[in-house]
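Note that the numbering runs from 1 along the sequence shown for the chain. Just so it is clear, the values below take in all heavy atoms, side chains as well, and ignore hydrogens, waters and symmetry mates.
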Amino acid sequence: MREAGKVTAYILSELKNVIKPGISTLEIDRFVEKTVKAHKMIAAEKGYCGYPANVCVSVNEEVVHGIPSKKRILRDGDIVSVDLVVEHKGYMADAARTYPVGNISDEARRLIKTAEKAFFNGINFAKEGYRLSDISNAIQRTVEGEGFGVIRDFVGHGIGSEMHEEPQIPNYGKAGRGPRLQRGMTLAIEPMITQGSYEIDVLQDDWTAVTVDGQLSAHYENTVLITDGEPELLTL
């Protein structure tokens, strides 16, 4: 998982130089496919429950699971979330980032920063002995404290030899609930937040989730290892 995580982190870092106005979301997918193969690993989202691409690319009001397309051209002022799962020797690493495309609004930039801030505030509780919902509660308090909404319909999750394992990790809820964290757990913690309502719709492609009010959405995720001290981020 550490090796898969290093490649995941490298790709997400390199995408800063790839994503710019005028490229298609399919070009992002092709870059990911080429880079994962060069490291002799597998883009695990391809074929998962029938998903047709190597990576999820979600633009503006798209929350998650956007399908890359040569017809979807990024424009100056867009924001784009990329969610990537890399498999190596039967084990997974999962991470996501939201990127600015060219010059974006101050509000869009604040949304992106808040998703990241919520993640790091959440993992202050990603330590042995805390309850799972302590992470959830810290994320919610951070996001709503900035005046943004927290998605309810999608959650973080355990990860290991399968992409999605127990436990589920909501980005909201009261503290002090759920299983107690133990060293050795590997969790995909992923705040998904919106400018407005947390309600979502799924488009006719049966994958792409969008905000019902058309407001922007941002996503920040890492695969986290629980230790007896500070958490280890496998995808950073």
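- Inter-residue side-chain proximity for D94 and E221 is flagged as met; some heavy-atom pair is nearer than 4.5 Å.
- In the model, S197 has no side-chain atom that pairs as donor or acceptor with a side-chain atom of D213 under 3.5 Å.
- The shortest heavy-atom contact between R109 and I104 is NH2-CG1, 3.4 Å.
- Residues V202 and W207 are not in side-chain contact: their nearest non-hydrogen atoms beyond the backbone lie 4.5 Å or more apart.
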If you apply the rule side chain to side chain contact (heavy atoms under 4.5 Å, CB included), what do you find for H88 with I42, and how did you get there?
CA-CA 7 Å; H88 181 53; I42 297 168; over 6 Å; no
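- A distance-only check finds no donor-acceptor pair linking the side chain of T235 to the backbone of A9 [under 3.5 Å].
- Ring geometry for F120 versus Y220: interplanar angle of 30 to 60°, hence tilted.
- Minimum heavy-atom separation, P231 to V224: CB-CG1, 3.6 Å.
- With a 4.5 Å cut-off on side-chain heavy atoms, F125 and N137 do not count as touching.
- Residues G158 and L187 come closest through the heavy atom pair CA-CD2, 4.2 Å.
- Side chains of R97 and N222: a donor-acceptor N/O pair is present below 3.5 angstrom, by distance only.
- To the nearest 0.5 angstrom, T223 atom OG1 is 14.5 Å from Y91 atom OH.
- No side-chain donor-acceptor contact under 3.5 Å links D78 to the backbone of V101.
- A donor-acceptor pair under 3.5 Å is absent between the side-chain atoms of R141 and the main chain of I139, judged by distance alone.
- No continuous path of ILVMFWY side-chain contacts below 4.5 Å connects I79 to L74, so the two sit in separate hydrophobic clusters.
- Distance CE/M1 to CD/E87: 11.0 Å, rounded to 0.5 Å.
- Under a 3.5 Å cut-off, the side chain of T208 and the backbone N or O of L203 do not form any donor-acceptor pair.
- Between P21 and R75, the shortest heavy-atom distance links the atoms CB-C, 4.3 Å.
- Atom-to-atom distance recorded for D206:CG and I67:CD1 is 8.5 Å, nearest 0.5 angstrom.
- In terms of heavy-atom proximity, S58 sits nearest to G66 at OG-N, 3.1 Å.
- Hydrophobic cluster membership is shared by V85 and L234, with clusters built from Ile, Leu, Val, Met, Phe, Trp and Tyr side chains linked at under 4.5 angstrom.
- Rounding to the nearest 0.5 Å gives a distance of 12.5 Å between NZ of K113 and CG of D106.
- For the pair T114 (side chain) and V143 (backbone), a donor-acceptor distance under 3.5 Å is absent.
- The residues E146 and K117 are annotated as salt-bridged, a charged nitrogen and a carboxylate oxygen being separated by less than 4.0 angstrom.
- Put simply, the side chain of T227 gets close to the backbone of E230: a donor and an acceptor are under 3.5 Å apart.
- A salt bridge does not link R30 with E27: none of the charged nitrogens is closer than 4.0 Å to a carboxylate oxygen.
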Please assess Y198 against I193 for the test side chain to side chain contact (heavy atoms under 4.5 Å, CB included), listing each intermediate value before the final yes or no.
CA-CA 7 Å; Y198 59 72; I193 74 173; over 6 Å; no
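- If you chain together hydrophobic residues whose side chains sit under 4.5 Å apart, L225 and L181 never meet in one group.
- In this structure, the side chains of V86 and L84 come closer than 4.5 Å at one or more pairs of heavy atoms.
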Counting only pairs under 3.5 Å, give me each side-chain donor-acceptor contact of residues 165-175, with atom names and distances, residues two or more places apart or in other chains.
residue, atom, partner, partner atom, Å
E165, OE2, S161, N, 3.1
E165, OE2, E162, N, 2.9
N171, ND2, E190, O, 3.0

In sequence, state the C-alpha distance, the side-chain angles, and the governing distance for V82 and I19, and then conclude on side chain to side chain contact (heavy atoms under 4.5 Å, CB included).
CA-CA 10 Å; V82 179; I19 292 173; 4.2 Å; yes
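- Salt bridge present: E232 and R2 bring a charged side-chain N and a carboxylate O closer than 4.0 Å.
- Counting heavy atoms from C-beta outward, R177 and R131 have side chains that stay 4.5 Å or more apart.
- In this structure, a donor-acceptor pair under 3.5 Å is absent between the side chains of H65 and D205.
- Tested against I200, the residues V210, V63, V64, T194 include a single side chain to side chain contact (heavy atoms under 4.5 Å, CB included) partner, V63.
- Hydrophobic clustering, with ILVMFWY side chains joined whenever heavy atoms are under 4.5 angstrom apart, keeps I159 apart from L233.
- No side-chain donor-acceptor contact under 3.5 Å links E14 to the backbone of I11.
- In this structure, a donor-acceptor pair under 3.5 Å is present between the side chains of S81 and T98.
- Here the straight-line distance linking atom CD of Q182 with atom CG of D228 works out to 12.5 Å at 0.5 Å rounding.
- Within the 4.5 Å cutoff, the side chain of F148 has heavy atoms near those of the R110 side chain.
- Taking each heavy atom of V55 and D29 in turn, the nearest pair found is N-OD1, 3.3 Å.
- The list of side chain to side chain donor-acceptor pair (under 3.5 Å) pairs with a residue in residues 38-53, not counting sequence neighbours, reads Y48-H164.
- Counting only distance, with no hydrogens or angles, the side chain of Q195 and the backbone of L216 share a donor-acceptor pair below 3.5 Å.
- Although no hydrogens or angles enter the test, the distance criterion places a donor-acceptor pair under 3.5 Å between the side chain of Y99 and the main chain of L12.
- Taking hydrophobic clusters as Ile, Leu, Val, Met, Phe, Trp and Tyr residues chained together by side-chain heavy-atom distances below 4.5 Å, I28 does not share a cluster with L26.
- Interatomic distance, CD of E33 versus CG of N54, reported as 4.5 Å (0.5 Å rounding).
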